[in-house]
Amino acid sequence: MSVSSFPGGTSLSHLDIYADAAPDGVCGGSPHMHLVSTEAYVVVEGRGALQTIDREGFRESELHAGSVVWFTPGTIHRAVNHGGLRVIVLMSNAGLPEAGDAVMTFPADIVADPDAYAAAASLGEPDGREERASRRRDLAVTGFDAMRDAVTAGDRGPVERFYQAAGALVLGSATGWLQLVQEGPLAQAERSLALAEAIASGDVTHLRDARVREAPAADERRFGMCGLIRAYDVTDLEEDPR
């Protein structure tokens with residue numbers, strides 16, 4: 001079984017937030033949310049902000065080198081670049097976002113239509129991908145701005161409808177997420193519990209299996225939702241020494 005041995009069953013990537021402006025004049029990425037995973041930013045360079053919509057409404061958190069911010073499932077978020085913003089991204093449930101645990105804030109009629117959503121989200125062939133990434137971002141900003149304005153005016157209706165539509169959109173793939181969680185963070189937590197029980201009983205056998213791992217980064221950056229992303233391979237291909 002191939003699982004992540006990186007702490008907590010998380011994934012790790014380096015992200016350069018998009019620097020071009022959306023139609024509202026704000027530079028940054030495509031607003032979206034995760035339905036199961038918690039995401040964290042560790043800012044390594046530059047300045048920016050994280051715009052979010054959560055149970056408390058809309059807020060904007062400043063980002064600068066050294067900032068650490070994380071957000072739980074259901075937090076609709078938009079990364080804003082005020083200049084050279086680069087972050088390390090930690091994502092719980094490694095592999096889950098790639099399996100569909102991310103829904104962009106396209107206008108409501110698109111999120112409600114799986115075919116229309118798939119067409120809007122696709123970046124297609126490599127040629128022209130940068131332009132399509134900007135177009136995708138701009139469409140997501142349109143939906144985000146509408147929800148932000150509604151929430152600011154005291155109306156959570158659009159956000160609640162987005163939650164329902166997003167859940168329906170991923171329903172067909174969500175059953176496959178169970179295995180990813182079971183083989184990743186759950187398996188790692190169970191192993192940690194077993195090791196703690198071993199130590200509590202005076203058994204130190206597992207210490208002889210100590211090892212070091214070094215994660216290679218992808219050679220090329222790809223167009224992600226928030227910016228150019230370079231993922232680290234934290235998959236452990238060796239058999240669990242238990």
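Worth saying up front: this structure is predicted, and the values here are computed from it rather than measured.
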Next item on the list: Only counting residues at least two apart or in another chain, list the ones meeting side chain to side chain donor-acceptor pair (under 3.5 Å) with Ser134.
Entry: Asp20
Check: Can you name the residues that form a side chain to side chain donor-acceptor pair (under 3.5 Å) with Gln179, not counting sequence neighbours?
Finding: Glu183
Checklist line | Under 3.5 Å: donor-acceptor pair, side chain of Tyr18, backbone of Leu228 | finding: no
Margin query: Measuring from atom CZ of Arg129 to atom CG of Asp127, what distance do you get when rounded to the nearest 0.5 angstrom?
Written below: 9.0 Å
Notebook entry, point to check: Remaining members of Val80's ILVMFWY cluster at a side-chain heavy-atom cut-off under 4.5 Å?
Noted result: Val26
Donor-acceptor pairs are to be reported for all side-chain atoms of residues 93-109 against protein atoms at under 3.5 Å, with residues two or more places apart or in another chain.
residue: Asn93; atom: ND2; partner: Ser37; partner atom: OG; Å: 3.3
residue: Asp101; atom: OD1; partner: Leu35; partner atom: N; Å: 2.5
residue: Asp101; atom: OD1; partner: Val36; partner atom: N; Å: 3.0
residue: Asp101; atom: OD2; partner: Val36; partner atom: N; Å: 3.4
residue: Asp101; atom: OD2; partner: Ser37; partner atom: N; Å: 3.0
residue: Asp101; atom: OD2; partner: Ser37; partner atom: OG; Å: 2.8
residue: Thr105; atom: OG1; partner: Pro31; partner atom: O; Å: 3.4
residue: Thr105; atom: OG1; partner: Ala140; partner atom: O; Å: 2.7

Notebook entry, point to check: Okay, side chain of Glu39, backbone of Met33: is any donor-acceptor separation there less than 3.5 Å?
Noted result: no
Notebook entry, point to check: Do Asp54 and Thr52 have side-chain N/O donor and acceptor atoms under 3.5 Å apart?
Noted result: no
Checklist line | Phe71: partners by ring pair (Phe, Tyr, Trp, His ring centres under 6.0 Å), with sequence neighbours left out | finding: Tyr41, His77
Item checked: Met147 with Val141, same ILVMFWY side-chain cluster at under 4.5 Å -> no
Checklist line | Note, Thr10 side chain near Met91 side chain (heavy atom, < 4.5 Å) | finding: no
Note to self: Tell me whether Glu131 is salt-bridged to Arg135, with the criterion being a basic N under 4.0 Å from an acidic carboxylate O.
What the structure shows: yes
Check: For Val87 and Val89, which heavy atoms make the closest approach, and how far apart are they?
Finding: CG2-CG2, 3.8 Å
With a cut-off of 3.5 Å and sequence neighbours excluded, list every side-chain donor-acceptor pair involving residues 59-70.
residue: Glu60; atom: OE1; partner: Gln51; partner atom: NE2; Å: 2.8
residue: Ser67; atom: OG; partner: His64; partner atom: N; Å: 3.0
residue: Ser67; atom: OG; partner: His64; partner atom: O; Å: 3.0

Margin query: For Arg47, give me all partners under side-chain contact (heavy atoms from CB on, under 4.5 Å), at least two apart in sequence or on another chain.
Written below: His82
Check: According to a 4.5 Å side-chain heavy-atom criterion applied to Ile, Leu, Val, Met, Phe, Trp and Tyr, with indirect links allowed, do Tyr232 and Val42 form part of one hydrophobic cluster?
Finding: yes
Margin query: Within the structure provided, determine whether Leu178 and Leu180 are in side-chain contact (heavy-atom separation under 4.5 Å).
Written below: no
Next item on the list: Answer yes or no: is there a side-chain heavy-atom contact under 4.5 Å between Phe6 and Arg213?
Entry: no
Notebook entry, point to check: Heavy atoms, side chains only, cut-off 4.5 Å: are Thr75 and Ile53 in contact?
Noted result: no
Checklist line | His206 to Ala198 - nearest heavy-atom pair and separation | finding: ND1-CB, 4.5 Å
Check: Side chains of Leu123 and Arg136: does their closest heavy-atom pair fall under 4.5 Å?
Finding: yes
Check: Given Ser201 and Asp203, is the side chain to side chain donor-acceptor pair (under 3.5 Å) satisfied, shown in steps?
Finding: CA-CA 6 Å; Ser201 68; Asp203 180 3; 5.3 Å; no
Note to self: Let me confirm one number: the CD-CD distance from Glu190 to Gln182, rounded to the nearest 0.5 Å.
What the structure shows: 9.0 Å
Item checked: salt bridge (Lys or Arg N to Asp or Glu O under 4.0 Å) contacts touching residues 23-37 (sequence neighbours left out) -> Asp24-Arg78
Next item on the list: Share the residues that join Leu207 in a hydrophobic cluster, the rule being Ile, Leu, Val, Met, Phe, Trp or Tyr side chains under 4.5 Å apart at the heavy-atom level.
Entry: Ile199, Val204
Notebook entry, point to check: Can any side-chain N or O of Arg230 pair as donor or acceptor with the backbone N or O of Arg221 at less than 3.5 Å?
Noted result: no
Checklist line | Distance, nearest 0.5 Å, that separates CG of Leu195 from OG1 of Thr205 | finding: 10.5 Å
Margin query: Can you confirm whether Ser13 sits close enough to Ile88 that some side-chain heavy atom of one is under 4.5 Å from a side-chain heavy atom of the other?
Written below: no
Notebook entry, point to check: Which atoms form the tightest heavy-atom contact between Pro114 and Ala112, and what is the distance?
Noted result: CD-O, 3.7 Å
Next item on the list: Specify the closest pair of heavy atoms between Asn81 and Ile17, including all atoms of both residues, with the distance to one decimal.
Entry: ND2-O, 3.0 Å
Notebook entry, point to check: Residues two or more places apart in sequence or in another chain: which of them pass side chain to side chain donor-acceptor pair (under 3.5 Å) with Ser122?
Noted result: none
Note to self: By the salt bridge (Lys or Arg N to Asp or Glu O under 4.0 Å) test, which pairs, at least two apart or in different chains, include something from residues 156-175?
What the structure shows: Arg156-Glu160
Next item on the list: Please name all residues satisfying side chain to side chain donor-acceptor pair (under 3.5 Å) with Asp138, sequence neighbours left out, ordered by chain then number.
Entry: none
Item checked: Co-membership, hydrophobic cluster, residues Val181 and Leu90, 4.5 Å side-chain -> no
Margin query: Testing the basics here: between Cys226 and Leu15, what is the closest heavy-atom pair and its distance to 0.1 Å?
Written below: CB-CD2, 3.7 Å
Next item on the list: Dump the intermediate steps for side-chain contact (heavy atoms from CB on, under 4.5 Å) on Phe144 and Phe58, then the final yes or no.
Entry: CA-CA 11 Å; Phe144 178 84; Phe58 173 78; 4.0 Å; yes
Next item on the list: Mind listing the closest non-hydrogen atom pair of Ala215 and Val234 along with its distance?
Entry: CB-CG1, 4.0 Å
Notebook entry, point to check: Quick one: are Trp177 and Val170 in side-chain contact, heavy atoms under 4.5 Å?
Noted result: yes
Note to self: Tell me whether Met225 shares a hydrophobic cluster with Leu50, the cluster being built from Ile, Leu, Val, Met, Phe, Trp, Tyr side chains joined at under 4.5 Å.
What the structure shows: no
